[in-house]
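Reviewing the structure listed below.
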Amino acid sequence: MTLKKNIYNFIIVDNGKISELGNNLIINENTLPILDLSNYIILPGFIDSHVHLTSTAMNEISVDLSSFTSLKEIIKTLEALRDSLPEGEWIIAKEFDPTNLEEKRNITQEELDRYFPNHPVLIIRKDAHSSIINSLGLRLLEIEISPINGLIKERDHQIAIGKAYQSIDPSLLVKGLIKTLKKAAEKGITTIHALEGGYTSPPNSPQLLLGLNQYFPIDVIIYYQTTSIKKVKDLGLKRIGGCLLVDGSISTLTAAISEPYLTNQGYGVLFWDIESLSNFIKTAHKEDLQIAFHAVGDQGIDLLLKAYQRVLKEIPKEDHRHRIEHFELPQKEHIKIVSQLNLTLSLQPSFLYFWGGEGKLYEQLLGKERAKRIIPLRSILNENIVAGGGSDSSVTPMDPFLGIYSAINHPNEEERITLEEAIKMFTYNSAYIGFLEKEKGSIEKGKDADLVILEKDPFEIKDREELINIRVLGTISKGKFAYKDPNLITNF
């Protein structure tokens, strides 16, 4: 299905739905109030297909280190926070990226112990797959992990932050959620696929989101990151998984790959074997749940595909829409198997903006040839695979135009896709991979009135660089403004 670029002169919204649209509006005494947006361009509301929502909300109530340029600045800021807190209270910071710092290294456990002897400290790195903890924090968590100079990775990291999050006041988390969703609406997002539960989320986050959903300004669709099918069924959810890890991440050298990393000659980590993975998928598949797994490296992808193949051969189901999250470094044959099995993908093109291209992280760790194969968008779409667009927030920002820009400017020119295809990733495709295409993803009669109002027409922009800066002037979720820019001029 291609993205429909029909031009309509009017849309009638009734009870949150599009009841009519066309070009010749007949006005009579019973006509509803008319909102004049004729000076702007309207697209379907954007859908982010991969968000760690409560973890992102934690950014609103923890220290954001993304703008710091030296360890000295970071320590001074955390010292100021330390002096305002009672002894024993946690200091949690996020978005730590050593590549942005003068020192080009992690802060060490020794440094954290020296400056924060009476406060547990957890610093979560930008990749969201690793963190640094001080000795007091490690003792308080009472978990059996073995950090190297304070650095913990993957499952140990997940366990650590899950335990630390238990100390957070739930009311603060709710405030963080509201701020996060308002920021998402400011970017034109009307629906989020929220990957919740497990060690990486605050306790009972799926239950919290379900309880608050009716108060949110935009829609939140929950994927429960658990291996407990009973928990999912008890909550009445239809989806299981999300970032259930088959392997790790490239930045932490834990994504499972067939050729070694350049820096440590390692091959990454697989967290499942074929039997246990197949058995879990089979059980969830028989319960008619949509399944989503995180697989990044070619070895991780290969293992997951073999498990999906085994189950779907034994229990065929045409419209299962089981997902693979990230799918960063597939082999060519993996792409074909995804198509043959009717699997869907949730991809994060903005990874390419931050870590793709000459001299950046992917090249440093994998070399030029493998870096060219990262997130091969053109190859994927050529196989008629439905791939939704996501951010993996808080790893990268919830910003669809950043993702769209990154997709059409892939560092490997052979893997670039068109603007139309990129927008579709963040609208119709992201609806489809969540079984939402009958309600969302396009402007059609009977669908939710989820709309984004833009200052400029993205299809009329000649300079690709301008695309990243297109302003969202309004976001309408089910017929109501979730965001309205002060510069949006309307008749009321």
Side-chain angles (χ1 to χ4, degrees), residues 52-143 145 147-153 157-183 186 200-203 251 354 393-398:
H52 299 282
L53 181 55
T54 53
S55 295
T56 301
M58 289 293 297
N59 281 350
E60 299 294 335
I61 55 176
S62 54
V63 184
D64 184 351
L65 303 179
S66 59
S67 62
F68 288 85
T69 58
S70 74
L71 289 174
K72 184 178 180 180
E73 291 176 351
I74 289 173
I75 290 170
K76 288 182 70 173
T77 299
L78 296 182
E79 281 183 310
L81 178 60
R82 175 200 66 193
D83 295 341
S84 69
L85 295 174
E87 285 191 6
E89 191 159 329
W90 276 91
I91 296 173
I92 298 177
K94 301 191 83 170
E95 300 296 307
F96 178 80
D97 187 352
T99 64
N100 289 339
L101 306 179
E102 294 173 8
E103 298 86 352
K104 301 297 180 185
R105 67 171 177 84
N106 285 321
I107 194 168
T108 66
Q109 187 176 64
E110 181 184 353
E111 288 168 319
L112 293 178
D113 289 347
R114 186 189 323 147
Y115 293 105
F116 310 100
N118 301 313
H119 289 79
V121 181
L122 183 67
I123 297 179
I124 302 169
R125 289 179 15 126
K126 173 70 175 173
D127 55 48
H129 283 257
S130 57
S131 52
I132 304 149
I133 194 167
N134 67 349
S135 297
L136 177 58
L138 192 59
R139 288 198 302 272
L140 291 177
L141 291 182
E142 297 180 338
I143 53 178
I145 59 175
I148 300 174
N149 204 6
L151 180 65
I152 48 182
K153 298 180 180 181
H157 157 77
Q158 293 179 352
I159 293 169
I161 64 172
K163 292 277 283 187
Y165 282 169
Q166 292 177 13
S167 67
I168 300 297
D169 183 340
S171 65
L172 290 177
L173 178 58
V174 171
K175 290 179 182 178
L177 282 168
I178 298 300
K179 287 183 179 179
T180 298
L181 293 172
K182 285 182 177 179
K183 288 183 177 180
E186 289 172 8
T200 58
S201 304
S251 61
F354 289 103
S393 178
S394 63
V395 177
T396 69
M398 282 188 282

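It should be emphasised that the depicted structure is a prediction, and the values quoted were computed from it without experimental measurement.
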Looking only at heavy atoms, what is the nearest atom pair of [X] and [Y], with distance?
X      : Y      : value
Ser84  : Leu81  : OG-O, 2.7 Å
Gly88  : Pro120 : O-CD, 3.5 Å
Glu87  : His119 : CA-NE2, 3.7 Å
Ser394 : Thr56  : N-OG1, 3.2 Å
Gly176 : Ala57  : C-CB, 3.5 Å
Asp97  : Lys126 : CB-CB, 3.9 Å

Phe354 and Thr396: CA distance, side-chain angles, deciding distance, side-chain contact (heavy atoms from CB on, under 4.5 Å) verdict: CA-CA 8 Å; Phe354 289 103; Thr396 69; 3.7 Å; yes

Stepwise side-chain contact (heavy atoms from CB on, under 4.5 Å) test for Gln109 and Leu151: CA-CA 8 Å; Gln109 187 176 64; Leu151 180 65; over 6 Å; no

Derivation and outcome, side-chain contact (heavy atoms from CB on, under 4.5 Å), residues Ile75 and Ile107: CA-CA 9 Å; Ile75 290 170; Ile107 194 168; 3.9 Å; yes

Audit row: Glu111, Arg105, salt bridge (Lys or Arg N to Asp or Glu O under 4.0 Å) steps and yes/no: CA-CA 12 Å; Glu111 288 168 319; Arg105 67 171 177 84; 2.8 Å; yes

I need the [X] [atom1] to [Y] [atom2] distance, nearest 0.5 Å.
X      : Y      : atom1 : atom2 : result
Glu102 : Leu71  : CD    : CG    : 9.0 Å
Lys76  : Arg82  : NZ    : CZ    : 12.5 Å
Lys104 : Ser70  : NZ    : OG    : 11.5 Å
Lys179 : Leu177 : NZ    : CG    : 11.5 Å
Leu112 : Leu78  : CG    : CG    : 8.0 Å
Ile152 : His129 : CD1   : NE2   : 13.5 Å

Single hit among Val63, Ile74, Asp127 for side-chain contact (heavy atoms from CB on, under 4.5 Å) with Phe96: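 The option that passes is Ile74.
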
Between Ser131 and His157, a side-chain donor and acceptor under 3.5 Å: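 Yes, a side-chain donor-acceptor pair sits under 3.5 Å.
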
Side-chain donor-acceptor pair present, Ser67, Asp64, cut-off under 3.5 Å: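 Note: Ser67 and Asp64 side chains miss the donor-acceptor criterion.
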
Report yes if the side chains of [X] and [Y] come closer than 4.5 Å at any heavy-atom pair, otherwise no.
X      : Y      : answer
Thr180 : Glu60  : yes
Ile91  : Phe116 : yes
Thr54  : Met58  : no
Leu65  : Lys94  : no

Greater than 12 external heavy atoms within 6.0 Å of Glu110's CD: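 Count not over threshold, so no.
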
Asn134 side chain vs Val121 backbone, donor-acceptor pair below 3.5 Å: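 Between the backbone of Val121 and the side chain of Asn134 there is a qualifying donor-acceptor contact (under 3.5 Å).
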
Test item: Asp113 side-chain N/O and Ser135 main-chain N/O as donor-acceptor pair under 3.5 Å: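 Looks like yes, one N/O pair under 3.5 Å.
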
